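Predicted, not measured: the structure shown is a model, and the values here were computed from it. Residue numbers start at 1 and run along the sequence shown.
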Amino acid sequence: MITISELRKVYRQGKREIVALDGVSLSVPKGAVHGIIGHSGAGKSTLVRCLTLLDRPTSGSVEINGVELSSVGDKEIRQARRRVGMVFQHANLLDSRTAGGNVAHPLELVGTPKAQIDESVARLLGLVGLAGFENAYPAQLSGGQRQRVGIARALAADPDVLLCDEPTSALDPGTTDEILDLIKELTVRLQLTVLIITHEMNVVKRVCDSVSLLEAGRIAEHGSLKEISEHAESRLAQALLPLPAVAEAPGQTVLDIMFSTETVHTPVLSSLARHFDIDVNVLSGSIEPIGGQQFGRLRIGLTEATDVAAVVQYLEEAGASVARPGSDTGEALQ
Ligand SMILES: Nc1ncnc2c1ncn2[C@@H]1O[C@H](COP(=O)(O)OP(=O)(O)OP(=O)(O)O)[C@@H](O)[C@H]1O
């Protein structure tokens, strides 16, 4: 379990203060995968550096399984760092070392006996589906295999938390899915706590149990995928269920409707049309499985004469969530 409380990081450039993290609080239980989405400059790298103790937070705390990370002294810092395994975008393997040599590296650095290292390397490569690849060099491996080695190396020190920084951004879609499935499987099997920094909503959909939107150093939105997908005004929900090209609807009142598992299969729109004796114009829509459950989003147009407040109330009473689409939509997060 990782608990981040009121984390602040202020950089100073001469007289100027740059607030990179502005009170980030977040809790992820053991065995869960949490995604962090954010635009460039939101504070993602700073958060990674604070969690890996490459940077000291200005204030706030990071606790891993009840142990406070941010207050450890310089002497214990190496030990504390071992609690967080790091997976990078480009695997960052040492080209001069074999796959086995790369996985062995962090164990060698802390003086683990040779026999124990050999046993760990074989076990870890087996765990990531690379049994028998001990002697292959990174140049002889595919991008996905290199990332598997990177994951095995991150697990070598038996960490509690796996911190994955854009782990699939350099991979093709098929390999991305394989690596994400591996991360999910390892999370459950080893009871890890996983944080994935990503800009890809597909990563969130496939592997995350919960997600946060980091904006200007603050958590602007967060929740489980189910909680988020039930709120039509949530930008994360809109990014999870982006609408295909939306048709213009001159002279109509446009509404976005989010349907959750319970309502996605009920004929809400036809009953709406019957109830109010109106025509409902479907402008765009999508229905997708998110976090193992079906969610839907529809954009509809109503003729201006319709009593919109009554329509919204009717839809909400039917279990849907309704929003008026604005200019700042979740599509921009894609
Ligand atoms: N060492 C530093 N000194 C001064 N300002 C910094 C430093 N590191 C980051 N910042 C500033 O802190 C803010 C957050 O930066 P950060 O690199 O954490 O964002 P990010 O979300 O990782 O962006 P990107 O996706 O582009 O890497 C930015 O305004 C950045 O300019």
Side-chain donor-acceptor pair present, E230, S321, cut-off under 3.5 Å: no
pair R235-E221: side-chain heavy atoms closer than 4.5 Å: yes
CZ (R97) with more than 12 external heavy atoms under 6.0 Å: yes
Side chain to side chain, H34 and L26, heavy atoms closer than 4.5 Å: yes
D181, CG atom: more than 12 neighbouring heavy atoms under 6.0 Å: yes
Side chain N92, main chain F88, donor-acceptor under 3.5 Å: no
Cluster check V194, L51: I/L/V/M/F/W/Y, side chain < 4.5 angstrom: no
Check against salt bridge (charged side-chain N to carboxylate O under 4.0 Å, His left out), D95 and R146: CA-CA 11 Å; D95 289 335; R146 283 200 291 276; over 6 Å; no
Shortest non-hydrogen contact between G319 and S260, atoms and distance: O-OG, 4.4 Å
R82 side, atom CZ; L109 side, atom CG - distance, nearest 0.5 Å: 9.5 Å
Derivation and outcome, side chain to side chain contact (heavy atoms under 4.5 Å, CB included), residues I117 and E108: CA-CA 8 Å; I117 291 179; E108 289 168 8; 3.7 Å; yes
4.5 Å side-chain heavy-atom contact, Q145 and L130: yes
Y11 and D55 side chains, donor-acceptor separation under 3.5 Å: yes
Student check: side-chain heavy atoms of P138 and N102 closer than 4.5 Å: yes
R81 (side chain) donor-acceptor with L53 (main chain) under 3.5 angstrom: yes
Proximity of F295 and F259 rings by center, below 6.0 Å: no
Straight-line distance of C208 SG to M201 CE, nearest 0.5 Å: 8.5 Å
Minimum side-chain heavy-atom gap T187-L162 below 4.5 Å: no
Neighbour count >12 (heavy atoms, 6.0 Å) for atom CD, Q140: yes
Cluster link L190 to L125, ILVMFWY, side chain under 4.5 Å: yes
Pairwise distance CG(L298) to CG(D256) - rounded to 0.5 angstrom: 9.0 Å
K205: partners by side-chain hydrogen bond (donor to acceptor under 3.5 Å, both in side chains), with sequence neighbours left out: E288
Side-chain donor or acceptor of E215 paired with backbone N/O of A42 under 3.5 Å: no
Main-chain N/O of G144 paired with Q147 side-chain donor or acceptor, under 3.5 Å: no
Donor-acceptor contact present, side-chain T112 to main-chain L107, <3.5 Å: yes
4.5 Å side-chain heavy-atom contact, T253 and R324: yes
Heavy-atom pair of closest approach, residues A91 and R153: O-NH2, 2.5 Å
Under 3.5 Å donor-acceptor, K44 side chain and H39 backbone: yes
In one Ile/Leu/Val/Met/Phe/Trp/Tyr side-chain cluster, 4.5 Å: V121, L93: yes
Exercise: do Q89 and D165 side chains pair donor with acceptor under 3.5 Å: no
Those residues that, when tested against R83, pass side-chain hydrogen bond (donor to acceptor under 3.5 Å, both in side chains) (two or more places apart): D160
Check against side chain to side chain contact (heavy atoms under 4.5 Å, CB included), V103 and V149: CA-CA 7 Å; V103 179; V149 177; 4.0 Å; yes
Exercise: identify the closest heavy-atom pair between V128 and R148: O-NH1, 2.8 Å
Derivation of the side chain to side chain contact (heavy atoms under 4.5 Å, CB included) call for E166 and I196: CA-CA 7 Å; E166 300 280 1; I196 299 190; over 6 Å; no
Closest heavy-atom pair and its distance - G285, L243: CA-CD2, 3.7 Å
Exam field: side chain K9 to backbone V19, donor-acceptor pair closer than 3.5 Å: no
Under 3.5 Å: donor-acceptor pair, side chain of D209, backbone of V33: yes
Separation of L195 CG from L163 CG (nearest 0.5 Å): 6.0 Å
Those residues that, when tested against Y137, pass ring-ring contact (aromatic ring centres under 6.0 Å, His included) (two or more places apart): none
Minimum side-chain heavy-atom gap V62-E68 below 4.5 Å: no
Shared hydrophobic cluster for L180 and L225 (ILVMFWY, side-chain gaps under 4.5 Å): no
Minimum heavy-atom distance T306-L302, with the two atoms named: OG1-CB, 3.9 Å
Pairwise distance CG(L182) to CG(L127) - rounded to 0.5 angstrom: 7.5 Å
Side-chain heavy-atom pair T98, E134 within 4.5 angstrom cut-off: no
From L21 atom CG to L214 atom CG, the distance as rounded to the nearest 0.5 Å: 7.0 Å
Shortest non-hydrogen contact from K30 toward Q191: CG-O, 3.3 Å
Side-chain donor/acceptor of R299 to backbone N/O of V282, under 3.5 Å: no
T193 side-chain N/O to M1 backbone N/O, donor-acceptor pair under 3.5 Å: yes
Derivation of the side chain to side chain contact (heavy atoms under 4.5 Å, CB included) call for L155 and L192: CA-CA 10 Å; L155 294 174; L192 297 165; 3.9 Å; yes
ILVMFWY network linking M86 to L7, side-chain heavy atoms under 4.5 angstrom: yes
